[in-house]
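Structure, as structure tokens:
One is the number of the first residue; the rest follow in order along the sequence. In each ligand, atom 1 is the first atom listed, and ligand 1 is the first ligand listed.
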Amino acid sequence: MNKIRYFDHAATTAVHEEVLKEMLPYFSIEYGNASSMYSISRSAKRALEQARGRVAKAINAQNNEIFFTSGGSESDNLAIKGIAYANKNKGNHIITTKIEHHAVLETCEVLEKEGFEVTYLNVDENGFINLEELQNAIKENTILISIMFANNEIGTIEPIKEIGEITRARNIIFHTDCVQAIGNVLIDVKDMKIDALSMSGHKLYGPKGIGVLYVRNGIDFQKLQNGGHQEKNKRAGTENIAGIVGMGKAIELAYSNFNKNTKHMKELSDYFLKELENKIPNIKLNGDKTNRLPGNCNISFENINGEELLFKLDEKGICASAGSACSTGTSEPSHVLTAIGLPSKFLNGTIRFTFGIDNTKDDIDYLVNELQNIVANLRNK
Ligand SMILES: *Cc1c(COP(=O)(O)O)cnc(C)c1O
């Protein structure tokens with residue numbers, strides 16, 4: 001068996017040991033229900049509110065603007081449907097982009113069937129929306145604009161602050177799917193004029209099945225899940241205290257080590273790209289060269305079948321992804337690669353490598369060496 005070399009941190013990450021350590025007591029010793037009255041419940045409640053404070057602080061929000069959910073997908077659903085339903089007396093038009101995660105795209109498609117109208121903005125060859133196209137798409141009845149902070153396939157970081165300026169000036173609610181950006185980019189919801197923001201635990205060394213929706217005070221959203229009155233009556237269900245504690249610790253760790261982590265990932269990416277350029281001909285980096293997530297390298301290999309390449313890499317213990325985890329298993333080119341107009345000679349041979357805090361230069365050397373052999377063999381077949 002080869003040692004596993006993991007380059008798919010945009011798909012999920014291992015729980016950081018310090019995160020796990022803080023979570024563990026809440027599975028057993030501190031098992032109280034945060035809504036009950038006795039002392040073990042009070043410590044669960046305290047842990048819940050401490051985690052809420054940590055999340056709020058990381059993005060410069062108020063504690064009462066943070067709602068815990070079951071993950072990024074639920075946060076996106078709750079933000080988009082919840083805001084659309086609560087504001088439908090003001091209009092029924094929503095603007096988003098062609099490169100959103102399926103949690104946003106499918107939610108918008110469902111709303112279209114329910115009578116909402118959705119505009120899907122184009123992106124340029126690097127994955128950026130056009131601010132003028134956004135301005136022109138806004139209508140009298142536009143109630144919500146949902147644009148991702150950073151793209152999960154190609155890593156491009158959208159001009160969020162400029163979008164916030166536009167939406168606040170027009171009094172339109174601005175939601176951003178921040179699942180990939182959180183921990184990798186500094187985020188200030190006040191300065192960036194963000195009204196709603198989704199995040200997920202498992203993409204930043206926290207546990208799976210926990211997420212956060214930030215909603216600015218004064219913005220109304222309808223709850224989607226009925227039952228108990230948890231989370232200020234906006235999200236029913238006994239709180240996942242262990243998960244919430246993990247989320248709070250993960251985000252605190254990400255920002256207390258922010259400079260070190262992002263520098264490390266950027267160095268690995270730069271080294272990987274330099275080595276690739278020297279050793280493998282006819283490749284292309286997708287997404288923007290500078291405004292990108294520090295650990296994301298989305299590479300197209302000309303005249304290579306990506307699935308075959310992934311299979312060969314897996315034989316060597318290397319984990320990477322074909323565009324996006326949600327697109328694997330289908331032979332359709334990903335909607336993101338289609339939206340950036342990637343030339344057809346590259347469409348099939350595109351692989352996403354996403355580096356994390358646990359990767360080393362040695363991992364990259366191993367990866368480049370294997371890539372060089374496998375790509376040469378596949379091209380000579
Ligand atoms: C992973 C991801 C999601 C979904 O988050 P889950 O916690 O897995 O439901 C949503 N948006 C983006 C951009 C993602 O990368």
So does Glu277 pair up with Lys274, basic N to acidic O under 4.0 Å? no
Protein contact of atom 11 (N) of ligand 1 - nearest heavy atom, named by residue and atom, plus distance: Asp177 OD2, 2.7 Å
Under 4.0 Å, heavy atoms only, figure out whether ligand 1 is touched by the backbone of Ser73, its side chain, both or neither. both
Applying a 4.0 Å heavy-atom criterion (strictly less than), which segment of Asn151 is in contact with ligand 1: side chain, backbone, both, or neither? neither
For ligand 1, find out whether one of its N or O atoms is nearer than 3.5 Å to an N or O atom of Glu74. no
Glu22 with Lys249: basic N within carboxylate O range, under 4.0 Å: yes
Please write down residue, atom name and distance for the protein heavy atom closest to atom 6 (P) of ligand 1. Gly72 N, 3.5 Å
To check your reading of the model: name the closest protein heavy atom to atom 3 (C) of ligand 1, its residue, and the distance in Å. His101 NE2, 3.5 Å
Is it true that Ser300 and Asn286 share a donor-acceptor pair across their side chains at a distance under 3.5 Å? yes
Answer with side chain, backbone, both or neither: which part of His202 has a heavy atom less than 4.0 angstrom from an atom of ligand 1? side chain
What is the closest protein heavy atom to atom 1 (C) of ligand 1, and at what distance does it sit? Lys203 NZ, 1.4 Å
Which hydrophobic side chains are connected to Phe221, either touching it within the sub-4.5 Å cutoff or through other members that do? Phe67, Leu78, Ile80, Ile83, Tyr85, Ile94, Val104, Leu105, Leu111, Phe116, Val118, Tyr120, Ile143, Leu144, Ile173, Leu213, Val215, Ile219, Leu224
Using a 4.5 Å cut-off between side-chain heavy atoms of Ile, Leu, Val, Met, Phe, Trp and Tyr, which other residues end up in the same hydrophobic cluster as Val110? none
Residue, atom and distance of the protein heavy atom nearest atom 7 (O) of ligand 1 read Ser200 OG, 2.7 Å
Phe174 six-ring centre to Lys193 NZ/CZ under 6.0 Å and within 45° of normal: no
Residue pair Asp76 / Ser198, side-chain donor-acceptor N/O under 3.5 Å: yes
Numbered atoms and elements of ligand 1 in range of Gly71, under 4.0 angstrom, heavy atoms: 7 (O)
Could you tell me whether the side chain of Ile280 reaches within less than 4.5 Å of the side chain of Ile283, counting heavy atoms only? yes
Within the 4.0 Å heavy-atom shell around Asp76, which atoms of ligand 1 are there? 10 (C), 11 (N)
